[in-house]
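For the numbers below, each heavy atom of this structure counts, side chains included, while hydrogens, waters and symmetry mates do not. Throughout, protein chains are lettered first and strands after them, A, B, ... in sequence-line order, and every chain is numbered starting at 1.
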Number of protein chains: 2
Amino acid sequence: MNVRSADDLTTRARIRDAAVLRFARSGFGATVRTIAADAGVSPALVIHHFGSKDTLHAACDEHVLAWIAETKRQNMGRATSGGLLEVLAQQDELAPLMGYVLRSLQAGGSVGKAFVEHMIDDAEKYTAEAVEQGIAKPSRDERARVRYLVMASLGSLLLSVTLDPPEDPEDVNATVRRYTADFYLPMLELFTEGFLTSRRMLDDYLLYVGDPPSAHRADGEEAPSADDPAA
Amino acid sequence: MNVRSADDLTTRARIRDAAVLRFARSGFGATVRTIAADAGVSPALVIHHFGSKDTLHAACDEHVLAWIAETKRQNMGRATSGGLLEVLAQQDELAPLMGYVLRSLQAGGSVGKAFVEHMIDDAEKYTAEAVEQGIAKPSRDERARVRYLVMASLGSLLLSVTLDPPEDPEDVNATVRRYTADFYLPMLELFTEGFLTSRRMLDDYLLYVGDPPSAHRADGEEAPSADDPAA
DNA sequence: CCAGCCGCTGAACGTGTGTTTAGGCTTATG
DNA sequence: CATAAGCCTAAACACACGTTCAGCGGCTGG
């Protein structure tokens, strides 16, 4: 009998790791042949171990997801909403996996989705603490704010990577660093000073929609008729 | 002689339009055969008119780019940084083209790049006006702020679309509407009230980097030395 | 020492792709 | 009416892909 699920130090694991790396580097359109070459095996062996390319993809997803959970557990509390990304990409060894996450975000894969949800959950917790400690201002809709902040951070990072990808696709590190260098000041500025001088737009909008603290899922219907919120 | 470049009301134009629509709907991996079927012609004719799929793609890019320029010219001044997207997606006829832009953003194509640059340029102008009129607060680095705001807006929208795409891929309208409904309040809140209660993080950062108004490309100068008013 | 098994491979298959080729149909022109 | 030219198509080609298949080789158990 050989190892099957628990501890794989085997060729199967080597193939999976090569696939993660290759997917991160070249996207999910990467060829089975390429992955096999990376792992130093024949294409047939890849299929023999995983059954199909889709199954391999799923295995990679699962693996990266597990890695995310692990990293989260280790760095509990060290990362803040905005800082998590840097923590993740800081260690060079973890950079490829971060690249994989970005690819999944780009492709709308399950890993990307789960990653966003994780980040939102974490950020919600940290933000609540920050509000409690008087560091952050309270929001009319904490969940919505956190969702927005995470989506904006992740989205702008993703867009940066997509629009001018690093020469060495493996070096997500450099990209995140550049992203931080470019956007940290305006982000901080916006976070401490805001952007608008008057409250008019906000008050008008609140008046218009009726100021509900939350119009999200998880509570029944009667959403404030989302016809044309902009005017 | 037939028309070649100036006025195409011809089959060639029909193919191009079908391609734009299909690319927007299914991404740039869409088949030549599918595009041909959409246009009601044979696959061979597509190649006959455009030479190759890549050339067709380029023609679509060019066409959409021209459309963007046109729309910009028509809606000069009506759109603000945040509102431009809605203006673009508002008209149902333009929605497909907006979908094309999103696809190009997702794939890192030239149209996406150009679109972002256009939006940044516009936003910079509108922001400058807003600052001048006292509506918006001035920034330590206007260009960086505008870049950040545009990247965050576009990125979060792109991420929204990618993570849970609309059932009908053609209906970018609905997506943008949902995006607005979800994020308008937290965005407005952040823009008017900020997020942090104290200036410490910002001041610390400014102290750390030496408070240059701009450490970007395009100026090789050094910033007015690091004695900043904050402390 | 032998038998059997298991990891593994080279070569092939089937499919879907972009593209090419040869020719048909319609239309304008002498 | 005959001829030539353009728009267009069916069929095929070349290639890359995921996947299958038959079999090799070294290891282990008896």
Trainee: What's the CZ-C1' distance between A:Arg14 and C:dG7, to the nearest Å?
Mentor: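 So the CZ-C1' distance, A:Arg14 to C:dG7, works out to 12 Å.
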
Trainee: Could you give the NE2-to-C1' distance, from B:His49 to D:dC7, as a whole number of Å?
Mentor: 7 Å

Trainee: A:Lys53 has an atom NZ; how far is it from atom P of C:dG16, in whole Å?
Mentor: 16 Å

Trainee: Which whole-number value in Å describes the distance from B:Phe28 CZ to C:dT17 C1'?
Mentor: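 Rounding to the nearest Å, CZ of B:Phe28 and C1' of C:dT17 are 18 Å apart.
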
Trainee: So which one's nearest nucleotide on DNA chain C is more toward 5', A:Leu45 or B:Ser52?
Mentor: A:Leu45

Trainee: Check for me whether the distance between the ring centres of A:Phe28 and A:Tyr100 falls short of 6.0 Å.
Mentor: yes

Trainee: Return the nearest nucleotide to the side chain of B:Ala44; candidates are D:dA10, C:dT9, D:dC8.
Mentor: D:dA10

Trainee: I need the residues from residues 30-40 of chain A with at least one non-hydrogen atom less than 4.0 Å from DNA chain D; give them sorted by number, or say none.
Mentor: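 Of all residues in residues 30-40 of chain A, the ones placing a heavy atom under 4.0 Å from DNA chain D are A:Ala30, A:Thr31, A:Val32, A:Arg33.
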
Trainee: Does D:dC8 have its OP1 or OP2 closer than 4.0 Å to a side-chain nitrogen or oxygen of B:Thr11?
Mentor: yes

Trainee: Between D:dG18 atom C1' and A:His57 atom NE2, what is the distance in whole Å?
Mentor: 16 Å

Trainee: Kindly say if B:His48 contacts the phosphate of C:dT19, meaning a side-chain N or O under 4.0 Å from OP1 or OP2.
Mentor: no

Trainee: Can you tell which of D:dT19, C:dG7, C:dT19 lies closest to the side chain of B:Ile47?
Mentor: C:dT19

Trainee: Specify the separation, in whole Å, of atom CG of A:Leu56 and atom P of D:dC17.
Mentor: 15 Å

